[in-house]
Amino acid sequence: LSLLPYNPAVPSDGIVAAAIAARTGSVVLPVDGSVMSPYVREWLENVYPRIYYVAIVGNTGSIPTVTEHMIEKTIR
């Protein structure tokens, strides 16, 4: 399972993430702030064993560094 987090404030990032997901069967994860909701964190923890790749969609800094670290910490 591949995870594609993106910033929903940038519509083009969502379109690109959706296109990649449709082609590869990846999961799109909109991340709209520096605080990850408890529901998203729980989902990541439950899906963790199946995640083998994370690719952030967008420019450098498109999602906050804090959120990026939270995703990495959750799926370790």
Side-chain angles (χ1 to χ4, degrees):
L1 179 66
S2 184
L3 184 65
L4 302 170
Y6 76 97
N7 184 345
V10 183
S12 59
D13 289 354
I15 292 168
V16 170
I20 293 169
R23 188 173 346 127
T24 63
S26 301
V27 174
V28 175
L29 178 66
V31 178
D32 61 350
S34 61
V35 178
M36 189 181 305
S37 79
Y39 301 110
V40 171
R41 182 181 290 269
E42 181 181 359
W43 180 82
L44 283 173
E45 289 171 352
N46 290 332
V47 174
Y48 157 72
R50 297 184 298 162
I51 296 175
Y52 63 88
Y53 184 74
V54 176
I56 296 173
V57 178
N59 293 331
T60 303
S62 63
I63 66 171
T65 306
V66 172
T67 305
E68 186 177 341
H69 289 292
M70 289 171 68
I71 290 171
E72 291 174 2
K73 182 180 176 183
T74 303
I75 64 169
R76 277 188 208 177

Side chain proximity check, V47 to L44, heavy atoms < 4.5 angstrom
no

If you count every heavy atom of other residues, nucleotides or ligands that lies below 6.0 Å from N46 atom CG, does the total exceed 12?
yes

Cluster link W43 to I63, ILVMFWY, side chain under 4.5 Å
yes

Distance-only donor-acceptor pairs under 3.5 Å for side chains of residues 13-30, two or more places apart:
from, atom 1, to, atom 2, distance (Å)
T24, OG1, I20, O, 2.7
T24, OG1, S26, N, 3.4
T24, OG1, S26, OG, 2.6

Kindly list each side-chain donor-acceptor pair under 3.5 angstrom involving residues 3-11, sequence neighbours excluded, with atom names and distances?
from, atom 1, to, atom 2, distance (Å)
N7, OD1, A9, N, 2.9
N7, ND2, S62, O, 3.0

